[in-house]
2 protein chains.
Amino acid sequence: MLSIGDLSKRTGVKVPTIRYYEQMGLIEAAERSEGNQRRYERNDLERLAFIRHARDLGLDIPAIRELIALSQHPDLPCVNADRIAADHLVAVREKIEKLKKLEHELERIISHCDGHSIEDCYVIRALSDHGLCEGEH
Amino acid sequence: MLSIGDLSKRTGVKVPTIRYYEQMGLIEAAERSEGNQRRYERNDLERLAFIRHARDLGLDIPAIRELIALSQHPDLPCVNADRIAADHLVAVREKIEKLKKLEHELERIISHCDGHSIEDCYVIRALSDHGLCEGEH
DNA sequence: ATAATTCCTCTAGTGACTAGAGCTACAAGA
DNA sequence: TCTTGTAGCTCTAGTCACTAGAGGAATTAT
Ligand SMILES: [Zn+2]
Ligand SMILES: [Zn+2]
Ligand SMILES: [Zn+2]
Ligand SMILES: [Zn+2]
């Protein structure tokens with residue numbers, strides 16, 4: 001039987017975050033000690049590691065909730081789980097694309113400034129006028 | 001004299017967002033009509049376009065506030081403005097790096113699943129065990 | 001004059017936590 | 001056994017950059 005602090009140390013998930021996940025329905029409400037403190041078992045540890053890993057990979061809470069639900073029906077086909085991952089990959093790629101455009105534009109803007117007065121500053125001028133940009137954002 | 005709705009249409013910034021920018025101190029409190037409605041002039045339009053463009057480039061509100069303050073001292077050297085842009089570029093690059101790692105890991109995970117049952121699903125297995133990952137996140 | 005639209009302020013909600021207040025439970029040492 | 005210190009509990013509010021909605025007033029068009 002682990003306290004919430006033990007669980008936290010072993011998974012690297014902070015104590016308030018564990019309580020938050022319980023509130024969000026990712027973790028079942030834990031058993032309680034006589035003094036009303038949460039007590040966890042080994043499978044809670046696995047569940048929490050799963051959640052943490054999914055979060056580290058950028059999945060949001062509704063997606064994780066769905067994956068947990070799916071993982072409890074081992075006989076079902078896994079298309080839905082695969083789709084969640086694939087959709088997330090698409091979203092990640094879109095973010096990368098947007099950020100690359102920003103990176104490109106920022107590089108260009110910064111390199112065009114000679115670093116003298118604000119009056120001539122290309123950074124300020126570029127911000128004032130999107131017409132100076134190469135692409136859209 | 002423009003109403004807040006006119007300003008919104010010409011800049012593409014939504015009406016509540018304009019009021020929010022005023023509250024955040026990015027725009028000076030506008031003059032009011034007899035009936036207490038905001039009335040804007042041409043230079044408010046430029047200011048708002050500046051803010052919008054800076055936001056589109058991903059700058060946050062404190063950074064924009066600082067850039068606006070700087071832009072009102074044309075004789076000062078522009079190192080601080082350039083630094084804000086450069087710092088932002090660094091942050092953008094860091095985000096891109098993180099997302100590329102995620103992209104790589106997600107691609108790998110998805111391609112390893114044969115798409116049969118949940119029991120064998122590589123997506124679920126990979127989420128359960130970071131040891132199956134190639135990198136850190 | 002009336003109706004339709006726009007405007008006002010204020011509050012609360014978003015996502016995924018984090019911080020803090022005020023209180024209680026538990027574990028270890030004297 | 002008592003005491004102290006750490007860890008736990010609940011509840012509220014704050015983060016960021018907005019967005020949505022309520023309830024009412026002003027403006028514009030017909
Ligand atoms: Zn400059
Ligand atoms: Zn631009
Ligand atoms: Zn699968
Ligand atoms: Zn991993």
Side-chain angles (χ1 to χ4, degrees), chain A residues 1-27 29-40 44 48 50-68 84 87-88 91-92 95 98-99 102 137, chain B residues 1-27 29-40 44 48 50-68 84 87-88 91-92 95 98-99 102 137:
Chain A
M1 288 302 227
L2 304 169
S3 71
I4 196 168
D6 296 334
L7 193 61
S8 171
K9 270 168 216 145
R10 299 214 197 182
T11 57
V13 179
K14 289 181 191 159
V15 167
T17 306
I18 297 172
R19 290 196 278 249
Y20 171 73
Y21 288 156
E22 178 184 314
Q23 211 186 320
M24 292 297 102
L26 298 186
I27 295 179
E31 291 174 47
R32 300 294 180 116
S33 71
E34 283 187 13
N36 198 36
Q37 301 195 353
R38 290 170 179 81
R39 292 292 176 255
Y40 295 95
D44 294 308
L48 190 53
F50 182 97
I51 295 167
R52 161 116 220 240
H53 196 207
R55 286 291 303 126
D56 286 345
L57 285 164
L59 289 157
D60 63 16
I61 283 176
I64 295 173
R65 198 155 27 213
E66 207 175 331
L67 285 166
I68 288 170
I84 288 170
D87 287 353
H88 181 50
V92 166
K95 273 191 197 161
K98 276 191 189 152
L99 287 170
L102 290 193
H137 7 253
Chain B
M1 287 302 224
L2 305 169
S3 71
I4 196 169
D6 296 334
L7 193 63
S8 169
K9 270 167 215 145
R10 299 213 197 183
T11 56
V13 179
K14 290 181 190 157
V15 167
T17 306
I18 296 172
R19 290 196 278 249
Y20 171 74
Y21 288 157
E22 178 183 315
Q23 212 186 319
M24 292 296 102
L26 298 186
I27 295 178
E31 289 175 48
R32 299 296 180 116
S33 72
E34 283 187 14
N36 197 36
Q37 300 194 356
R38 291 170 178 82
R39 293 293 176 253
Y40 295 94
D44 294 308
L48 190 54
F50 181 97
I51 294 166
R52 163 116 218 242
H53 196 208
R55 285 292 302 127
D56 286 346
L57 285 163
L59 289 157
D60 63 17
I61 283 177
I64 297 173
R65 199 157 23 215
E66 207 174 330
L67 286 166
I68 289 171
I84 288 170
D87 287 352
H88 181 49
V92 166
K95 273 190 196 162
K98 275 192 191 152
L99 287 170
L102 290 192
H137 3 257

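Numbers restart at 1 for each chain; the letters A, B, ... are given by sequence-line order, proteins then strands. A quick note: this is a predicted structure, and the numbers were derived from the prediction, not measured.
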Answer whether the closest heavy-atom distance between the side chains of Arg38(A) and Arg32(A) falls below 4.5 Å. yes
May I have the distance from Lys14(B) (atom NZ) to dC8(C) (atom P), rounded to whole angstrom? 17 Å
Under 4.0 angstrom between Thr17(A) side-chain N/O and dA16(C) OP1 or OP2: no
If I compare all heavy atoms of His137(A) with all of Leu102(A), which pair ends up nearest, and what's the gap? CB-CD2, 4.1 Å
Does the side chain of Tyr40(A) come within less than 4.5 Å of Asp6(A)'s, by heavy atoms? no
Mind calculating the distance between CZ (Arg55(A)) and C1' (dT18(C)) to the nearest angstrom? 14 Å
Looking only at dA16(C), dC9(D), dC18(D), the nucleotide nearest the Pro62(A) side chain is dA16(C)
Return whichever of Lys9(B) or Gln37(A) has its heavy-atom-nearest nucleotide of DNA chain C closer to the 5' end. Lys9(B)
Glu34(A) CD to dA25(C) P, straight-line distance once rounded to whole Å: 11 Å
Please tell me if Ser33(A) has a side-chain N or O lying less than 4.0 Å from either OP1 or OP2 of dA25(C). no
Arg38(B) vs dC8(C): side-chain N/O to OP1/OP2 distance below 4.0 Å: yes
From the list Ile51(A), Leu67(A), Asp87(A), side-chain contact (heavy atoms from CB on, under 4.5 Å) partner of Leu59(A) resolves to Leu67(A)
Arg32(A) or Pro16(B): which one's nearest nucleotide on DNA chain D is closer to the 5' end? Arg32(A)
Between dT9(C) atom C1' and Ile4(B) atom CD1, what is the distance in whole Å? 12 Å
Please report the distance, rounded to the nearest Å, between CZ in Arg52(A) and P in dA16(C). 15 Å
In whole angstroms, the gap separating C1' of dC9(D) from OH of Tyr40(A) amounts to 12 Å
Between Val15(B) and Asn36(A), just flag the one whose closest nucleotide in DNA chain C comes earlier from the 5' side. Val15(B)
Give the minimum heavy-atom separation between His88(A) and Leu57(A), together with the two atoms involved. NE2-O, 2.8 Å
Ile61(B) has an atom CD1; how far is it from atom C1' of dA17(D), in whole Å? 6 Å
d(OH, Tyr20(A); P, dA16(C)) in whole Å: 6 Å
Is the phosphate of dC7(C) approached by Arg39(B) (side-chain N or O, under 4.0 Å from OP1 or OP2)? no
Using a 4.0 Å heavy-atom cut-off, does Arg19(B) contact any base of the nucleic acid, only the sugar-phosphate backbone, or nothing at all? base
